[in-house]
Amino acid sequence: QVQLVESGGGLVQPGGSLRLSCAASASTSSTYSIGWFRQAPGKEREFVASIEKSGGSSWYGDSVRGRFTLSTDNAKNTVYLQMNRLRPEDTGVYYCAAGLFTGWGALIRPSSYMYWGQGTQVTVSS
């Protein structure tokens, strides 16, 4: 069982920034791909960004590309999501997830992931 814990969410004004963290219970970078998803009330879970296992490619959803960036700290078993120029429509619960796969088609689908964190709330509002 892989345990994932998200942190860093909060309330921010439009145009502001937040940095989310996804900490894993063990070293997973060579085994698992890591994805970020978000879910607003009444909507389906939406792909945000992902990084392929073994230091592979990073992918970003159309709505966040150019504003959000992924980074990793392998020593801390942590993946970061830096979110800049936030918009009200970025509001939602953000989840990180881990899965045993590679490739864009799998990385963007919530059903591809085996393990999920509990989520962290991000609210973008004036």
Side-chain angles (χ1 to χ4, degrees):
Q1 180 72 28
V2 175
Q3 306 292 330
L4 302 172
V5 179
E6 303 96 334
S7 62
L11 175 64
V12 64
Q13 293 185 339
S17 298
L18 286 172
R19 190 190 196 193
L20 304 184
S21 299
C22 175
S25 59
S27 179
T28 59
S29 64
S30 66
T31 306
Y32 296 93
S33 297
I34 303 296
W36 283 96
F37 295 81
R38 66 189 182 189
Q39 190 164 22
K43 295 187 176 182
E44 293 185 351
R45 195 160 295 188
E46 177 189 18
F47 172 74
V48 176
S50 67
I51 185 165
E52 201 170 27
K53 65 182 180 181
S54 302
S57 299
S58 297
W59 304 89
Y60 297 91
D62 290 342
S63 64
V64 307
R65 189 176 297 110
R67 299 188 297 120
F68 293 9
T69 55
L70 287 167
S71 62
T72 62
D73 186 338
N74 292 332
K76 295 181 178 180
N77 299 321
T78 300
V79 176
Y80 302 98
L81 181 66
Q82 179 67 46
M83 307 187 296
N84 297 323
R85 291 181 283 134
L86 285 161
R87 306 165 180 168
E89 54 263 40
D90 293 319
T91 294
V93 179
Y94 283 68
Y95 300 89
C96 66
L100 294 167
F101 52 82
T102 59
W104 174 82
L107 289 165
I108 67 172
R109 295 185 175 92
S111 61
S112 299
Y113 292 82
M114 301 186 342
Y115 304 105
W116 292 82
Q118 295 301 304
T120 184
Q121 177 70 43
V122 172
T123 303
V124 185
S125 176
S126 298

Go through the steps for Tyr113 and Phe37 under the test ring pair (Phe, Tyr, Trp, His ring centres under 6.0 Å), then give the verdict. CA-CA 11 Å; Tyr113 292 82; Phe37 295 81; 5.2 Å; yes

Discussion item. Quick one, Trp59 with Ile51, criterion side chain to side chain contact (heavy atoms under 4.5 Å, CB included). Give me CA distance, side-chain angles, the key distance, then yes/no.
Written reply: CA-CA 6 Å; Trp59 304 89; Ile51 185 165; over 6 Å; no

Could you go through the side chain to side chain contact (heavy atoms under 4.5 Å, CB included) check for Leu81 and Val79 one step at a time?
CA-CA 7 Å; Leu81 181 66; Val79 176; over 6 Å; no

Distance-only donor-acceptor pairs under 3.5 Å for side chains of residues 116-126, two or more places apart:
residue, atom, partner, partner atom, Å
Thr120, OG1, Gly9, N, 3.2
Gln121, NE2, Thr123, OG1, 3.3

Rounded to the nearest 0.5 Å, what separation is found between the [atom1] atom of [X] and the [atom2] atom of [Y]?
{"X": "Gln39", "Y": "Thr91", "atom1": "CD", "atom2": "OG1", "answer": "14.0 Å"}
{"X": "Asn84", "Y": "Leu18", "atom1": "CG", "atom2": "CG", "answer": "9.5 Å"}
{"X": "Met114", "Y": "Ser33", "atom1": "CE", "atom2": "OG", "answer": "11.0 Å"}

Please tell me if the side chains of [X] and [Y] come closer than 4.5 Å, counting only heavy atoms from C-beta onward.
{"X": "Met83", "Y": "Tyr94", "answer": "yes"}
{"X": "Leu20", "Y": "Tyr80", "answer": "no"}
{"X": "Ser71", "Y": "Arg19", "answer": "yes"}

Over all atoms of both residues, closest heavy-atom pair of [X] and [Y]:
{"X": "Leu70", "Y": "Ala49", "answer": "CD1-CB, 3.8 Å"}
{"X": "Lys76", "Y": "Thr78", "answer": "O-OG1, 2.9 Å"}
{"X": "Arg67", "Y": "Arg85", "answer": "NH1-O, 3.0 Å"}
{"X": "Glu52", "Y": "Gly103", "answer": "OE2-N, 3.0 Å"}
{"X": "Ala24", "Y": "Leu4", "answer": "CB-CD2, 3.8 Å"}
{"X": "Ala106", "Y": "Phe101", "answer": "CB-CD1, 3.6 Å"}

inquiry  = Please evaluate residues Thr31 and Leu100 with respect to the criterion side chain to side chain contact (heavy atoms under 4.5 Å, CB included), reporting the C-alpha separation (whole Å), side-chain torsions for both, the decisive distance (0.1 Å), and the verdict.
reply    = CA-CA 7 Å; Thr31 306; Leu100 294 167; 3.4 Å; yes

Would [X] and [Y] show up in the same hydrophobic cluster when neighbours are defined by side-chain heavy atoms closer than 4.5 Å?
{"X": "Tyr32", "Y": "Phe47", "value": "no"}
{"X": "Tyr60", "Y": "Ile34", "value": "yes"}
{"X": "Val64", "Y": "Val12", "value": "yes"}

*Should the pair Arg45 and Tyr95 be classed as cation-pi, given the thresholds of under 6.0 Å to the six-membered ring centre and 45° from the axis?*
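Geometry flag: set, cation within 6.0 Å and 45°.
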
(request) Using the side-chain hydrogen bond (donor to acceptor under 3.5 Å, both in side chains) rule, pick out the option among Glu89, Arg38, Arg87 that qualifies with Ser63. (result)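 The residue from Glu89, Arg38, Arg87 that satisfies side-chain hydrogen bond (donor to acceptor under 3.5 Å, both in side chains) with Ser63 turns out to be Arg38.
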
*Kindly determine whether Cys22 and Trp36 satisfy side chain to side chain contact (heavy atoms under 4.5 Å, CB included), including the steps that lead there.*
CA-CA 9 Å; Cys22 175; Trp36 283 96; 3.4 Å; yes

Query - Check: Ser50 side chain, Gly35 main-chain N or O, donor-acceptor pair, under 3.5 Å - result: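 A pair under 3.5 Å: no.
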
